[in-house]
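Chain identifiers are assigned alphabetically (A, B, ...) following the order of the sequence lines, protein sequences preceding nucleic acid strands; residue numbering begins at 1 within each chain.
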Amino acid sequence: MKILVPVKRVVDANIKVRVKADGTGVETQNVKMSMNPFCEIAVEEALRLKEAGKATEIIAVSCGPVQCQETIRTALAMGADRGVLVETDVPLEPLAIAKLLKAVAEKEQPGLILLGKQAIDNDCNQTGQMLSALLGWGQATFVSKLAVEADHVEATREVDGGLEVVKARLPAVVTVDLRLNEPRYASLPNIMKAKKKPIEIFKPEALGVDVTPRVIVLKVVEPAKRNAGVKVPDVATLVAKLRTEAKVI
Amino acid sequence: MALDADTRRAMLERVERFIREDVAPEAAAIDRADAFPRALFAKAADLGLFALGVPEAYGGLGRDIETPILLSERIARASAAFSLSFNNTTDAAVPILDAAQESIKRRYLPAIAKGAAIPCIAISEPQGGSDVASIRTVAVRKGDRYVIDGRKMWCTNAPVGDVFTVFAKTDQAGGHKGLSAFVVPAGTPGLVVGPAEPLIGLRGSPVAEVVFDGVEVPADHMLGAEGDGFRLAMLTLDESRLHCAATALGVATAALDLALGYARERVQFGQPIIRHQAIQSLLARRASELAAARALWREALARLLADHDRPASAYAGMAKLVCSELCMAITVDAVQVFGASGLSRNGTVERLMRDAKAFEIYDGTSQIQAAMIGKHLERHGLPFV
């Protein structure tokens with residue numbers, strides 16, 4: 001079974017994100033970019049499935065500018081077998097990415113698509129669900145434990161108030177949560193070996209997908225600064241302030 | 001295989017993460033315990049850090065001078081002692097890979113690349129370090145073996161060393177031309193490693209005395225031929241000096257960064273102390289000097305890589321001299337900026353100040369650097385293009 005793992009290039013989790021001066025988005029020029037941490041967990045899970053003999057090949061796919069190759073190389077250095085880049089400079093929305101991934105899935109015919117549940121940049125949490133609907137495959141989202149059997153997956157999902165176990169017939173789309181595993185780091189020898197692994201490059205047009213944005217971003221602003229709190233001398237003052245200033249009681 | 005820019009960047013980013021997540025949290029504990037960090041060394045080995053200096057034919061990633069030097073600076077920002085453990089392992093393998101017989105290379109280099117064997121060099125003696133011609137340790141041929149007798153001092157990694165490269169006289173009257181080098185595995189009868197010397201800085205990067213008392217090695221353990229010792233001792237000198245400069249720059253950068261952070265936060269007389277001109281001027285000057293030192297180090301590295309000629313050697317010496325002395329000055333200033341907190345053993349800057357002193361001393365003291373640079377000036381003039 002092949003596993004397709006979409007990986008996204010995002011601003012590194014250790015970077016303090018800044019809003020661009022013109023309010024059109026966040027600054028990504030000269031900012032360290034890395035693989036979305038949830039995608040790392042998806043890659044790790046795929047690698048473990050391959051090591052357990054449940055999968056034969058892992059294909060890392062990324063959609064976006066040419067620099068996304070670096071993100072694919074990271075997946076290859078972790079142990080993925082080959083990469084696919086859908087190259088475009090158009091800003092991609094979840095629906096466009098889901099359509100591109102559907103086209104790649106139709107070419108590659110994977111038995112399982114493993115994705116991060118969301119990306120840490122825009123927190124959309126949509127791509128996996130949209131992809132499952134477009135393909136007409138079953139889905140399991142927010143997965144914190146995964147067992148892959150011959151014709152189905154059994155997935156433990158983190159839901160409000162507990163854990164839910166679902167079964168989905170293969171092929172399926174699974175989006176992974178934080179607690180599924182701890183991703184490995186690529187060793188330096190594997191980073192060098194990754195250089196020799198192939199990356200295929202397609203344009204969205206070649207896949208027959210229209211990626212034109214459907215949503216217009218009006219403005220991006222920084223969160224309002226939170227003012228410093230005050231210390232009150234006693235409970236009576238607190239109650240008075242809650243009543244007269246905060247007007248919550 | 002030479003590294004392309006993308007692969008090197010990917011490796012540096014990977015190592016950055018290792019430094020942030022594994023080295024930095026251990027740095028204070030390594031200093032306090034003054035013990036070689038075995039577990040951290042093993043993690044670095046898994047990462048492939050020690051494969052960087054070794055050719056692919058022996059299980060390494062290809063001999064690459066630049067990447068380990070760049071990494072030394074990065075690691076030193078978190079832990080100078082661990083940076084030294086790293087670059088000593090890389091440097092100490094060089095005489096073996098340059099001059100050892102094939103069977104010896106096959107025996108030791110793959111283990112060094114994997115981090116399974118720690119190499120170390122025994123060259124300095126009680127009566128002389130930089131003056132290698134005065135070495136008194138002798139190696140006498142006896143049939144198909146050599147017998148080595150003498151005392152070595154300040155051998156980095158000796159207490160944890162698995163394979164020693166020892167420099168000894170095979171011709172006692174021959175001055176530096178009488179010097180030869182031998183590979184001696186730890187555990188060879190007569191090889192005795194003393195206890196780790198307690199040092200004020202770089203604690204956790206152990207140094208010790210090594211005694212050779214009738215140590216016998218097969219003749220094939222000689223590196224190159226009799227008399228090749230001086231060339232081998234000098235082989236990595238310029239590279240080592242740039243490693244030392246890199247480590248000093250890393251420590252200086254960390255110290256200045258900590259001082260700057262403190263100066264922005266610490267409020268006295270109603271404003272952050274960075275707005276007090278005395279502190280502002282001090283930080284501004286030190287940042288400028290550090291920028292200049294970094295530029296010198298980069299140029300020295302570029303010259304070493306492009307064309308390892310005489311001016312490149314002079315530049316390596318200048319970079320070592322300037323970076324190590326600036327590191328000492330900046331770490332002292334950093335303690336000053338922190339005021340009383342700078343003196344606390346619970347803080348970080350005092351460790352950086354203690355670590356800094358060694359850079360003016362090992363791999364040739366500042367005085368030796370100045371003498372070598374001076375000799376170059378006298379004979380060849382200024383090394384500028």
Novice: Should the heavy atoms of other residues, nucleotides or ligands under 6.0 Å from NZ of B/Lys114 be counted, would the total exceed 12?
Specialist: no
Novice: Of the backbone (N, CA, C, O) and the side chain (C-beta and beyond), which part of B/Arg8 lies under 4.5 Å from a heavy atom of chain A, both, or neither?
Specialist: neither
Novice: Got a sec: does the CD of A/Glu51 have more than 12 other heavy atoms crowding it under 6.0 Å?
Specialist: yes
Novice: To the closest 0.5 Å, what do you measure between NZ (A/Lys195) and OG1 (B/Thr7)?
Specialist: 4.0 Å
Novice: Does any heavy atom of chain A fall under 4.5 Å from the side chain of B/Leu49, the backbone, both, or neither of them?
Specialist: both
Novice: Can you tell me if B/Arg9 has over 12 outside heavy atoms packed within less than 6.0 Å of its CZ?
Specialist: yes
Novice: Hey, which residues of residues 183-191 of chain A are touching chain B, say heavy atoms under 4.5 Å apart?
Specialist: A/Tyr185, A/Ala186, A/Ser187, A/Leu188, A/Pro189, A/Ile191
Novice: Using a cut-off of under 4.5 Å on heavy-atom pairs, state which of A/Gln69, A/Arg73, A/Lys32 scores highest against chain B.
Specialist: A/Lys32
Novice: For B/Arg20, look at atom CZ and say whether over 12 heavy atoms of other residues, nucleotides or ligands are found less than 6.0 Å away.
Specialist: yes
Novice: Check whether more than 12 heavy atoms from other residues, nucleotides or ligands sit under 6.0 Å from atom CD of A/Glu182, and answer yes or no.
Specialist: no
Novice: Given a strict heavy-atom distance threshold of 4.5 Å, which part of B/Glu16 is in contact with chain A: side chain, backbone, both, or neither?
Specialist: neither
Novice: Holding to ring-ring contact (aromatic ring centres under 6.0 Å, His included), I want the full list of residues that pass it with B/Phe41, two or more places apart in sequence or in another chain.
Specialist: B/Phe36, B/Phe50
Novice: Within a 6.0 Å radius of atom NZ on A/Lys145, are there more than 12 heavy atoms belonging to other residues, nucleotides or ligands?
Specialist: no
